[in-house]
Amino acid sequence: MEDISIILREARPLYFARKRRRRALLSVAAVLVAGLMLNVSYKLFTPKPIYDFWTEEIYMTQYGSEIENMGLPVDEYGLLMVG
C-alpha cells in the first residue's frame, strides 16, 4: 500500500486545476448573465419612437407630397422644383 502523502502529492495539481476551471466557468457564466440582464433592461427602458416614419413614407407615396397639395411645382419625386 502506498503512502498517503504520495497520493496527495499526485492529486494536488489535479485538485487545483479543477478548482481553477470551476472558477473560470463561474466567472464566464456570471458575465453572460450580467450581459443578458443589461440587454433586457436596455430593451425595456429605451423609449419607443413617437413617430412611425415608415407609415408616413407609405402615406406620402400613396397620396403625393404636401408641396404638391399646396399647388407648387414638383418633380417626379415630389420635391420642389427650383428655377
Side-chain angles (χ1 to χ4, degrees):
M1 194 155 201
E2 291 187 44
D3 191 22
I4 190 77
S5 62
I6 294 171
I7 296 172
L8 287 176
R9 207 175 305 132
E10 289 177 8
R12 185 174 184 207
L14 299 173
Y15 171 74
F16 285 117
R18 185 188 306 162
K19 192 174 179 181
R20 263 192 312 272
R21 188 169 45 246
R22 279 189 190 155
R23 196 175 296 155
L25 287 174
L26 184 63
S27 299
V28 168
V31 167
L32 288 176
V33 167
L36 180 67
M37 289 174 60
L38 283 173
N39 189 15
V40 168
S41 66
Y42 176 75
K43 286 182 179 179
L44 286 176
F45 296 114
T46 52
K48 304 296 183 248
I50 297 172
Y51 301 106
D52 186 11
F53 294 110
W54 180 249
T55 308
E56 188 174 313
E57 195 172 300
I58 292 173
Y59 176 82
M60 293 302 238
T61 304
Q62 290 176 346
Y63 301 108
S65 69
E66 288 295 318
I67 299 171
E68 187 178 12
N69 292 343
M70 292 185 334
L72 298 170
V74 294
D75 60 2
E76 66 270 6
Y77 300 110
L79 301 173
L80 180 64
M81 286 181 117
V82 180

Discussion item. Among residues at least two apart in sequence or on other chains, which ones pass side chain to side chain contact (heavy atoms under 4.5 Å, CB included) with Met70?
Written reply: Leu72
Worksheet item: Tracing side-chain links under 4.5 Å among I, L, V, M, F, W and Y, which residues wind up in one group with Phe16?
Response: Tyr15
Discussion item. Holding to side chain to side chain donor-acceptor pair (under 3.5 Å), I want the full list of residues that pass it with Ser5, two or more places apart in sequence or in another chain.
Written reply: Asp3
Show me, pair by pair, the donor-acceptor contacts under 3.5 angstrom made by side chains of residues 22-45, not counting sequence neighbours?
from, atom 1, to, atom 2, distance (Å)
Ser27, OG, Arg23, O, 2.9
Ser41, OG, Met37, O, 3.2
Ser41, OG, Leu38, O, 2.9

Worksheet item: Atom CD in Glu68, atom CE in Met81: separation rounded to 0.5 Å?
Response: 11.5 Å
